[in-house]
Amino acid sequence: MIKIKTFIISCLFIFFISCKEEVKQVKNDKKRYDQAVLIFPDTVFVNEKYDGKIEYKSDLDTITTVFDDVKKARFMYYSFLTTNDKNYEVEYLKTIVTDTFVAISNKEIPLYNIKFNRLGLNYFDGIITDEVMIENGGKDKNGGLNTRVITHETRLTRGVYVVKKK
C-alpha cells in the first residue's frame, strides 16, 4: 500500500512540474531580438515518445507572416539533436544535427515523436532558421533575378530529465 501511495505521489509530482516553458531571447550585434519558447515536459520516461512545440517570435514578422507569398517567400525550421552534452560551437552543431521540423506558421514549429534513450539530464540542442527571400523585381548584371535574402539563426537548447518508468 505504501508503494502505491509513493508511486501516485511521484506521478503527480512529475505531472505538475513537467510542462515548463523556457523563454530564450537572443540579441545579436545587429540589435535583432528573436524569442523562442520550447514547450515540452521537463521530465520524461526513457524510450517513450512525446510531442511538443516551439513558439517563436521574430523581427522578420514585420516583413511577412505567411509562407505562401511569392514576392516575400518565408521558410522556418528547427534542426536539432538530442544529446547529453551541449558544450560545442554553433558551427559544429550544424554538422551533427539529426532531425528537422518545419514550421506550420510564423509562430509555431511542432515537434513529434521525440524520444530520449539515455537516463539523466539530456538536451534538445538545435538551431531555428528563419529566412525571408524578398523579390524586388530587379535584375542583376548577369540578367538574373535580384533577390534579397535575410536569415536569422537562433540557437535553442533546453534540458530534459529522463527517468525509468516504474
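- Using a 4.0 Å cut-off between a side-chain N of Lys or Arg and a carboxylate O of Asp or Glu, Arg155 and Asp125 qualify as a salt bridge.
- Ring planes of Phe80 and Phe101: parallel class, angle under 30° (limits at 30 and 60°).
- Take Tyr123 and apply the ring-ring contact (aromatic ring centres under 6.0 Å, His included) test, not counting sequence neighbours, and it matches no residue.
- Within 6.0 Å of NZ in Lys94 there are more than 12 heavy atoms belonging to other residues, nucleotides or ligands.
- Judged purely by distance below 3.5 Å, without hydrogens or angles, the side chains of Asn106 and Asp61 pair a donor atom with an acceptor atom.
- The distance between the ring centers of Phe40 and Phe124 falls below 6.0 angstrom.
- Residue Arg118 places its CZ atom among more than 12 non-hydrogen atoms of other residues, nucleotides or ligands, all under 6.0 Å distant.
- Using a 4.5 Å heavy-atom threshold, the side chains of Phe75 and Thr129 count as separate.
- Looking at Ile63 and Ile134, their side chains come closer than 4.5 Å, going by heavy atoms from C-beta outward.
- Taking a cutoff of 4.0 Å between a charged side-chain nitrogen and a carboxylate oxygen, Lys72 and Glu135 do not qualify as a salt bridge.
- In plain terms, the two heavy atoms of Val102 and Pro110 that are nearest each other are O-CD, 3.5 Å.
- Residues in residues 75-85 take part in these side chain to side chain donor-acceptor pair (under 3.5 Å) pairs, two or more places apart or across chains: Ser79-Thr100, Asp85-Asn87.
- Around the OH atom of Tyr50, the shell of radius 6.0 Å holds more than 12 heavy atoms that belong to other residues, nucleotides or ligands.
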